[in-house]
Chemist: 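Below you will find the structure I want to go over with you.
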Protein chains: 2
Amino acid sequence: MTDHTDGGRCDTDAHSTQLLQHAGLKATGSRIAILEVFLGSSKPISIDTLEQTIRTDAHLATLYRTVERLLAAGILMRVNLGDETPYYELRDEEHHHHHVVCTDCGRIEDIELCHDDSLEKEALHASKFFHRLDTHALEFFGTCTSCVPHLHHIKN
Amino acid sequence: MTDHTDGGRCDTDAHSTQLLQHAGLKATGSRIAILEVFLGSSKPISIDTLEQTIRTDAHLATLYRTVERLLAAGILMRVNLGDETPYYELRDEEHHHHHVVCTDCGRIEDIELCHDDSLEKEALHASKFFHRLDTHALEFFGTCTSCVPHLHHIKN
DNA sequence: ATCATAATTGCGAAAAATTCGCAATTAGAT
DNA sequence: ATCTAATTGCGAATTTTTCGCAATTATGAT
């Protein structure tokens with residue numbers, strides 16, 4: 001992916017640091033490690049997975065606090081996947097995307113739709129609610145192709 | 001108990017019962033009371049609000065269990081409003097709608113967009129993920145008109 | 001480099017949210 | 001009226017999230 005980093009070895013580290021400092025947040029070890037997890041995965045991540053995935057060991061309280069900071073800083077965004085668990089992922093204006101969720105096996109994938117702008121425009125027209133519309137979330141739910149064979153006996 | 005109240009006085013009760021029996025669920029007092037709450041509100045409801053709103057007193061465990069059943073039965077659906085709290089609302093195929101959320105004051109409103117079908121079609125085209133697409137969720141986030149005056153000093 | 005300081009972390013405990021097992025109750029069918 | 005399986009209440013157990021505070025650390029100034 002891009003850029004003239006000299007070695008190009010672990011630029012997620014550099015990237016994390018940059019993101020943090022840009023947001024006026026201290027670039028601490030935990031934070032960098034946390035951001036690395038998000039930079040390394042294209043899928044939404046729960047606090048739980050974050051804890052299991054992070055390379056350092058950060059206290060759970062730190063994970064909660066940090067994620068909250070990163071949300072407030074606009075670096076992360078919260079994602080809903082149809083279950084009770086809150087998920088988070090990097091907020092990427094340029095690659096705005098949505099999610100498809102298999103309600104059978106829980107598999108998730110990203111999806112990019114073209115008409116996002118028109119969606120927001122439509123929303124603005126359809127209601128007088130907003131002074132300013134910041135963003136939107138869109139998820140599709142259904143049964144994925146890999147799950148078809150399983151559906152013989154299951155009714156639910 | 002039930003009679004053909006032709007007066008149409010409290011038909012939420014009748015409606016609840018009907019919904020339940022249709023789904024093969026026993027029409028118990030708690031369930032009816034719970035459904036009445038949902039029938040009486042157009043907005044998504046959290047377990048917490050449900051507990052405060054319900055006219056009878058049902059044990060919290062019952063609220064959790066019942067909501068889960070109603071979800072499984074397709075009577076309720078889960079709604080995400082941008083915070084950590086799970087919300088629920090009646091699943092109404094005919095009046096499929098979405099939500100606009102003010103991230104400043106938390107106000108919520110329903111919104112109906114016309115192009116829902118084409119949205120799902122687009123999603124189906126954009127990815128090979130689905131065998132069957134059941135539903136989708138769409139929420140818009142921003143600052144509502146009532147909140148504009150407050151925004152003088154607040155930057156975040 | 002060293003220092004000052006304000007932010008961040010770890011820690012365990014507290015609080016809140018959710019689930020569980022089981023006995024008592026109840027809706028719906030016979 | 002009775003039977004039966006589903007549902008409820010209850011308190012306890014579990015899980016998730018928050019909190020206070022002392023120890024640590026990143027950052028900017030010296």
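Within every chain, numbering begins at 1; the chains are lettered A, B, ... in the order of the sequence lines, protein sequences first and strands thereafter. The shown structure was predicted, so the numbers you read here are calculated from the model rather than taken from an experiment.
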Chemist: Taking only the side-chain nitrogens and oxygens of B/Thr66, find out if one of them lies under 4.0 Å from OP1 or OP2 of D/dT7.
Modeler: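 B/Thr66 to D/dT7 OP1/OP2: no side-chain N or O under 4.0 Å.
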
Chemist: Side-chain contact, heavy-atom cut-off 4.5 Å: A/Leu70 with A/Leu19?
Modeler: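 Of all side-chain heavy-atom pairs linking A/Leu19 with A/Leu70, none is under 4.5 Å.
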
Chemist: Go through the steps for B/Ser16 and B/Arg31 under the test side chain to side chain donor-acceptor pair (under 3.5 Å), then give the verdict.
Modeler: CA-CA 8 Å; B/Ser16 307; B/Arg31 285 179 180 171; over 6 Å; no

Chemist: So, is A/Thr62 near the phosphate of C/dT8, with a side-chain N or O under 4.0 Å from OP1 or OP2?
Modeler: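 For C/dT8, OP1/OP2 do not have a side-chain N/O of A/Thr62 under 4.0 Å.
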
Chemist: Can you tell whether the side chains of A/Glu89 and A/Arg91 come within less than 4.0 Å, N to carboxylate O?
Modeler: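 Salt bridge: no.
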
Chemist: Can you tell me the distance, in whole Å, between the CZ atom of A/Arg31 and the P atom of D/dT24?
Modeler: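 That distance rounds to 19 Å.
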
Chemist: Measure centre to centre between the rings of A/His136 and B/His98, then say whether the value is under 6.0 Å.
Modeler: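 No, the ring centres sit 6.0 Å or more apart.
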
Chemist: Quick one: salt bridge (Lys or Arg N to Asp or Glu O under 4.0 Å) partners of A/Glu120, sequence neighbours excluded?
Modeler: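 Applying salt bridge (Lys or Arg N to Asp or Glu O under 4.0 Å) to A/Glu120 gives none.
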
Chemist: So, using ring-ring contact (aromatic ring centres under 6.0 Å, His included) as the criterion, who are the partners of B/Phe129 when residues are at least two apart?
Modeler: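 For B/Phe129 there are no ring-ring contact (aromatic ring centres under 6.0 Å, His included) partners, ignoring immediate neighbours.
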
Chemist: Not counting sequence neighbours, list each pair that qualifies as a side chain to side chain donor-acceptor pair (under 3.5 Å) and has a residue in residues 50-65 of chain A.
Modeler: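 Sorted pair list: A/Glu36-A/Arg55.
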
Chemist: When A/Leu35 is tested against each of A/Leu20, A/Asp13, A/Thr17 for side-chain contact (heavy atoms from CB on, under 4.5 Å), which residue passes?
Modeler: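 Among the candidates, only A/Leu20 passes.
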
Chemist: Let me have a per-nucleotide readout for nucleotides 24-30 of chain C, 5' to 3', with B, S or -, counting only protein heavy atoms under 4.0 Å.
Modeler: --BBS--

Chemist: Are side-chain heavy atoms of A/Val100 and B/Phe130 found at a separation under 4.5 Å?
Modeler: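 They are in side-chain contact.
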
Chemist: Tell me: CG of B/Leu70 to C1' of D/dA6, nearest whole Å?
Modeler: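 Going from B/Leu70 (CG) to D/dA6 (C1'), I get 14 Å.
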
Chemist: In the 5'-to-3' direction, what one-character label does each nucleotide of nucleotides 11-20 of chain C receive under the scheme B = base within less than 4.0 Å of a protein heavy atom, S = sugar-phosphate only, - = no such atom?
Modeler: BB----SBBB

Chemist: Measure CD/A/Glu51 against P/C/dG10 and give the value in whole Å, please.
Modeler: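 Checked: the CD to P distance equals 12 Å.
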
Chemist: Measure the angle between the two terminal helix axes of the helix from C/dA1-D/dT30 to C/dT30-D/dA1, five base pairs each, and quote it to 10°.
Modeler: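 For the helix from C/dA1-D/dT30 to C/dT30-D/dA1, the axes at opposite ends meet at about 40°.
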
Chemist: Which heavy atom in B/Ala27 sits nearest to a heavy atom in B/Ile32, and how many Å separate them?
Modeler: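 Scanning both residues completely, I find the closest heavy atoms to be O-CD1, 3.9 Å.
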
Chemist: Any side-chain heavy atom of B/Thr66 sitting closer than 4.5 Å to one from B/Thr28?
Modeler: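 No, too far: nothing below the 4.5 Å cut-off.
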
